[in-house]
2 protein chains.
Amino acid sequence: MPLSPTTPDLTALDLFVSVVELGSVSKAAAAHQIAQPSASSRVRYLEKQLGISLLERSPSGSVPTAAGSLVAGWAEATIRSAHELNAGVDALKARRAGRLRVVASLTIAEYLLPSWLEKFLRNRPDDSIKLEVANSSVVLERLSAHDADLGFIESPVPTPNMGSKVIGVDRLIAVVSPVHPWTRRKSVAVEELSSTPLVVRERGSGTREALELELSRLGFEAPNSALELGSTSAVRSAVVSGTSPTVISERAVSADLAAGSLVEIAIDGLRVDRELRAVWPKTRPLPQLADELLKAAPAT
Amino acid sequence: MPLSPTTPDLTALDLFVSVVELGSVSKAAAAHQIAQPSASSRVRYLEKQLGISLLERSPSGSVPTAAGSLVAGWAEATIRSAHELNAGVDALKARRAGRLRVVASLTIAEYLLPSWLEKFLRNRPDDSIKLEVANSSVVLERLSAHDADLGFIESPVPTPNMGSKVIGVDRLIAVVSPVHPWTRRKSVAVEELSSTPLVVRERGSGTREALELELSRLGFEAPNSALELGSTSAVRSAVVSGTSPTVISERAVSADLAAGSLVEIAIDGLRVDRELRAVWPKTRPLPQLADELLKAAPAT
DNA sequence: ATAGGGCCATAGCCTAGTCCTATAGGTACA
DNA sequence: TGTACCTATAGGACTAGGCTATGGCCCTAT
């Protein structure tokens with residue numbers, strides 16, 4: 001559903017957060033390189049738009065009201081997310097300039113990389129990263145051909161001439177919308193899952209392959225598809241507003257689980273974990289920037 | 001630091017996400033109640049602003065480019081956060097209209113409530129919630145006086161005439177900036193923590209009390225304060241850019257931990273957990289809306 | 001007491017982004 | 001060859017938000 005028409009502007013929220021942090025409208029104006037009256041009117045407009053008084057103004061500065069502190073906290077979360085988006089966009093944009101060329105699989109690029117990039121680029125304004133997104137085999141090709149310095153994939157590394165490091169785990173979990181009958185059950189058996197039509201990604205996608213592989217290892221058939229969609233987020237929203245379950249990366253739906261718009265269903269005896277790995281060609285030493293980026297990516 | 005001047009507009013991102021979800025600019029325009037040419041030019045402007053081509057346009061609709069899918073995913077996270085902000089603001093704004101009056105302590109109001117509210121209000125546009133923020137004792141007073149229907153607090157409930165339910169746990173953890181020497185240690189002893197100056201909240205804040213209580217239970221003194229600040233997020237940013245550790249709610253810094261701008265330090269033998277509880281007066285039955293809100297708040 | 005220097009606010013002007021309607025060109029399918 | 005989808009351009013109007021200039025408030029130092 002679209003955002004409410006009274007949604008505040010990101011830059012206004014950012015300015016307001018600065019006011020709260022710095023203690024005065026003037027200082028915030030300076031930090032954002034705008035004139036003080038502009039900042040003043042911007043914040044007033046924000047208050048009018050939200051219908052809430054956010055600041056206690058005084059000749060010695062401005063402090064947030066109780067509501068203002070709360071709004072500032074929420075705004076900070078939104079702004080952080082916007083920063084990550086910016087970092088991701090920067091990496092995508094760096095068509096040729098990139099001093100460090102990273103090639104990552106979709107899950108990692110989408111859910112993990114932005115925050116690493118944001119942190120990484122924050123203190124190194126002169127460096128840039130070129131980000132490319134591809135499936136696992138292409139990632140390995142690019143590395144072999146020295147078209148990329150550092151790769152990220154979701155599967156074990158079959159080639160011996162690649163260095164690698166596990167940087168996290170991607171667990172696939174079964175989820176349904178909160179009105180689904182399974183939400184009233186303690187758990188569901190694997191065979192019941194495998195005989196239930198699911199919302200799935202297209203054949204060949206890493207998520208789907210991993211699930212089907214694990215099911216066949218347990219001796220079950222691949223489930224029928226209730227609906228077949230081309231992206232993780234399409235699957236997500238289909239399940240939120242539909243009646244079929246799906247099996248999906250935990251990271252992709254963590255926000256939905258927290259918000260309650262999706263519910264995790266325990267599947268007895270099924271556990272699909274994929275290791276997330278950084279990989280690089282052993283043939284030459286890891287560039288220093290790559291090494292530093294890896295340090296920004298804690299092994300969760 | 002301020003957002004980059006080329007940060008896209010929230011409404012533009014929202015529109016773009018709709019285009020990706022619905023498969024055409026026209027449909028997205030309809031969903032956002034604007035004319036098709038407006039949507040078209042808005043998306044073009046977004047592409048120009050980001051410097052990335054986001055859509056493959058065709059006479060039968062528009063599909064995202066590879067970069068476009070990625071951007072759409074990041075944008076979705078940002079928009080979700082904005083929705084939560086809106087939900088929180090709505091609750092704060094409902095000065096009198098609220099059919100359900102909720103009073104919550106700061107940690108819960110800041111980090112947990114927005115997503116519950118967002119989910120809750122989504123399907124109940126006619127209902128509204130009035131949110132008040134107060135410390136634990138005021139929460140209990142309000143409930144006793146029937147000035148509120150449902151409360152959320154971080155401490156055990158001392159009064160017998162209140163019903164309550166644990167809805168989660170707030171763990172306090174020690175964190176430092178990534179350049180702090182402790183990051184090279186396996187763990188730190190409690191006595192070392194208690195003899196190190198910390199960035200702390202003002203005396204009387206729940207977080208600080210909980211830490212000092214636990215330390216004194218273990219026979220240690222309360223740590224000196226390197227810096228004393230009035231809000232959780234002020235503490236957070238002081239630690240990010242400073243040299244002193246702090247002990248803070250895990251939920252308040254989860255984004256920083258993920259991004260690597262803060263690092264958790266294991267403290268041997270110290271564990272400060274606070275139960276997050278919903279409370280309500282037993283004297284009258286829980287209103288139906290309160291019951292439904294509690295269902296939206298899964299016991300994590 | 002008075003001057004200076006912090007703060008925030010209002011006034012008036014201008015630019016630029018975004019909305020609208022009207023129109024046109026493409027592909028697909030009956 | 002309509003009809004029904006798509007997307008794009010043109011031209012005009014609105015307004016949010018930027019600027020400079022100015023004024024009022026309160027504290028502090030002289």
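Residue numbering restarts at 1 for every chain, and letters A, B, ... go by the order of the sequence lines.
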Within this structure, what is the [atom1]-to-[atom2] distance between [X] and [N], rounded to whole angstrom?
X        : N       : atom1 : atom2 : result
Arg42(B) : dA8(D)  : CZ    : P     : 16 Å
Leu15(B) : dC19(C) : CG    : C1'   : 13 Å
Arg44(B) : dT18(C) : CZ    : P     : 15 Å
Gln49(B) : dT18(C) : CD    : C1'   : 13 Å
Leu10(B) : dG17(C) : CG    : P     : 18 Å
Tyr45(A) : dG18(D) : OH    : C1'   : 15 Å
Leu22(A) : dC8(C)  : CG    : P     : 11 Å
Leu13(B) : dT18(C) : CG    : P     : 12 Å

Task: 5' precedence on DNA chain D between Ser60(A) and Ser40(B) (nearest-nucleotide basis) - done: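 Nearest-nucleotide comparison on DNA chain D picks Ser40(B).
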
- [ ] Between Asp9(A) and Ser58(B), just flag the one whose closest nucleotide in DNA chain D comes earlier from the 5' side.
- [x]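 Counting from the 5' end, the first nearest nucleotide belongs to Ser58(B).
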
Out of [options], which nucleotide sits closest to the side chain of [X]?
X        : options                   : result
Gln36(A) : dT27(C), dT9(D), dC8(C)   : dC8(C)
Arg57(A) : dC8(C), dT18(C), dG18(D)  : dC8(C)
Ser24(B) : dT7(D), dG18(D), dT20(D)  : dT7(D)
Ser26(B) : dT10(C), dC6(D), dC25(D)  : dC6(D)
Pro37(A) : dC25(D), dC19(D), dT10(C) : dT10(C)

Counting only N and O atoms by type, is there a donor-acceptor contact under 3.5 Å from the side chain of [X] to the main-chain atoms of [Y]?
X         : Y         : result
Arg208(B) : Arg201(B) : yes
Thr246(A) : Val199(A) : yes
Glu47(A)  : Leu54(A)  : yes

Task: Pairwise 5' ranking along DNA chain C for Ala12(B) and Lys27(A), keeping only the more 5' one - done: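 Nearest nucleotide further toward 5': that of Lys27(A).
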
Open item on the list: For a quick test of reading the model: is some side-chain N or O of Ser62(A) closer than 4.0 Å to OP1 or OP2 of dC8(C)?
Closed with: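 So the side chain of Ser62(A) is within the cut-off, an N or O lying under 4.0 Å from OP1 or OP2 of dC8(C).
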
TODO: Report the C-alpha separation of Arg236(A) and Glu110(A) in whole Å, then their side-chain angles, then the decisive distance to 0.1 Å, and conclude whether the salt bridge (Lys or Arg N to Asp or Glu O under 4.0 Å) test is met.
DONE: CA-CA 14 Å; Arg236(A) 231 200 70 242; Glu110(A) 186 156 16; over 6 Å; no

- [ ] Indicate yes or no: does Glu212(A) engage Arg203(A) in a salt bridge with an N to O separation below 4.0 Å.
- [x]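 Arg203(A) and Glu212(A): salt-bridged.
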
